[in-house]
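Only one structure is covered here, and it is reproduced in the block below.
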Amino acid sequence: MPFNVEKIFENVTKKSIFLNKSVLQSDYTPETIPHREQQIKQVAKILACSLRLEKPSNLFIYGKTGTGKTLVVKYVLNELNKKAAALKIPLKTIYVNCKLKKVSDTEYRILAELISQLGADIPATGLPTDVVYKKFINIIDENKQLIIIVLDEIDEAVKKIGDAFLYNFTRLNSEMMNTQISFIGISNDLTFIDSLDPRVRSSLSEEELVFPPYNALQLKDILIERAKRSFKRSCVSSGVIEKIAALAAKEHGDARRAIDLLRIAAELAEREGKSKLTLEFVDKAIEKIERDKIVDLVETQPRHHQLILLSILNFFDTLKNKEQKVYTGDIYNRYYDLCKQLKLEPLTQRRVSDIVAELDMLGLINAQVISKGRYGRTREIKMTLPNSLILKIKSIIEQQIY
DNA sequence: CGAGATTCATGTGAAGTATACCTTTAGGCTTAA
DNA sequence: AAGCCTAAAGGTATACTTCACATGAATCTCGTA
């Protein structure tokens, strides 16, 4: 096979279909947010009174992932900050993502994060929680001002440490002379608010806003907007965007994943040196995402699950014809030998039977209970994965074992 | 020839066990006053 | 002195084993035509 590294690099520099790839990356903040005008308006209306130095209502926002919650909030706060700066209004906004590890562990850490965003510093550990509260109040209560605190993915934090800290937060206002605080909570979990303490619930969600998933038409507009910025002119075949939008809308309505799909399809096209993103690459991208999912699944399986899967795969390898069926007993023998070979203690048949059922649930194999009459009852195992994937999975497992 | 009994190989359920993981409690230690 | 941190104790979920029984069609058995 002719192999020319120089050529690969040439392809990258010359033929790139990307104008600016970062537009399709998940941390990109677009300038416009299509089909969220309604939500932007509502959030803006609720927060607008802060420009008259009045405390806005606390706001609670729900919606599934990829519906633009974080984006809308950040956008509105950004505009608000600009306006406030122009009008010389003492307004501060703080954004905290509760899902990040360093923040979400304890109430203490959330407070510490808030304080550090305000520019002050506190020790990483050692202080009593109420002292931290006092310090927090001291910092912000020095001057007359308004503070808006955004707690993103708040459900994650509550899952870990309970809702007591939210109660403390909502009562902060009564302890301060000058400053007033508003909260904006963002949650992916639609049932989250019901699990809260009623007192917290009523004070935190004075206003509520629900972000619905995008439909196919809206996703199309979003994708077109991004595509304009990220690809060179006429690098995308007609129908590509429509196809992705339709698929994403059907499955989840998640804009982030739709954009991921677009990016992966484009990357595949580029890697093949094509100057145009055609429909076939969308299919390939879907396949790739599916493959990656399966590879990930296999990688994270416990050792014995992997060994059993490997035994099954080995069987299908020796029996060239794919339609062949294999029975639990054969698998168990192979698995048993494999364990002996690796000096591992094999699991019992009982457990293996359950694990085979689990692998079936995960869609890695197709196993059905059948009766072979005089020759007993067993699971009939069939393979559904393509050959290339089988080989890949085998090498992954073998790597992990040795 | 056919109804019913038998049989095989493993499925399935219940209950018990070991282990890791999490929560709770008690006591010592750090920090602020 | 407050109250946080650490360590031990206790509790719980998970992954597995053991024991016991269920399953269900191919096959066998045996009575009958």
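Every value quoted in this text rests on a predicted model; they were computed, and no experiment measured them. Quick note on labels: first sequence line is chain A, next is B, and so on, each numbered from 1.
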- Query: Got a salt bridge between A:R263 and A:E267, using NZ or NE/NH1/NH2 to carboxylate O under 4.0 Å?
  - Reply: yes

- Task: Whole angstrom is fine here: how far is it from CZ in A:R379 over to C1' in C:dG24?
- Result: 15 Å

- Is the OH atom of A:Y336 crowded by more than 12 outside heavy atoms at less than 6.0 Å? no

Which pairs, protein N/O on one side and nucleotides 25-27 of chain C N/O on the other, fall under 3.5 Å?
| unit_1 | atom_1 | unit_2 | atom_2 | d |
| --- | --- | --- | --- | --- |
| C:dA25 | O4' | A:S371 | OG | 3.3 |
| C:dA26 | O4' | A:R374 | N | 3.0 |

- Message: Distance check needed: B:dG11 C1' versus A:Q368 CD, whole Å only.
- Response: 14 Å

- Message: For A:F315, does the six-membered ring have the charged nitrogen or CZ of A:R334 within the cation-pi criterion, i.e. under 6.0 angstrom from the centroid and within 45° of the normal?
- Response: yes

- Query: Is there a side-chain polar atom (N or O) of A:S353 under 4.0 Å from OP1 or OP2 of B:dT10?
  - Reply: no

- A:L342 vs A:L307 side-chain heavy atoms within contact, under 4.5 Å: yes

- Query: Tell me: CD1 of A:I370 to P of B:dT12, nearest whole Å?
  - Reply: 13 Å

- Query: Can a cation-pi geometry be assigned to A:R36 and A:Y214, taking NZ or CZ under 6.0 Å from the six-membered ring centre and within 45° of the ring axis?
  - Reply: yes

- Is the closest side-chain donor-acceptor distance between A:N20 and A:S230 under 3.5 Å? no

Tabulate atom names and distances for all N/O pairs under 3.5 angstrom spanning the protein and nucleotides 12-18 of chain C.
| unit_1 | atom_1 | unit_2 | atom_2 | d |
| --- | --- | --- | --- | --- |
| C:dC16 | OP2 | A:R351 | NH1 | 2.2 |
| C:dT17 | OP1 | A:T348 | N | 3.2 |
| C:dT17 | OP2 | A:T348 | N | 3.1 |
| C:dT17 | OP2 | A:T348 | OG1 | 2.8 |

- Query: Does A:K69 pair with A:E153 as a salt bridge, N-O distance under 4.0 Å?
  - Reply: no

- Find the distance between CG (A:L347) and SG (A:C339) and round it off to the nearest 0.5 Å. 6.5 Å

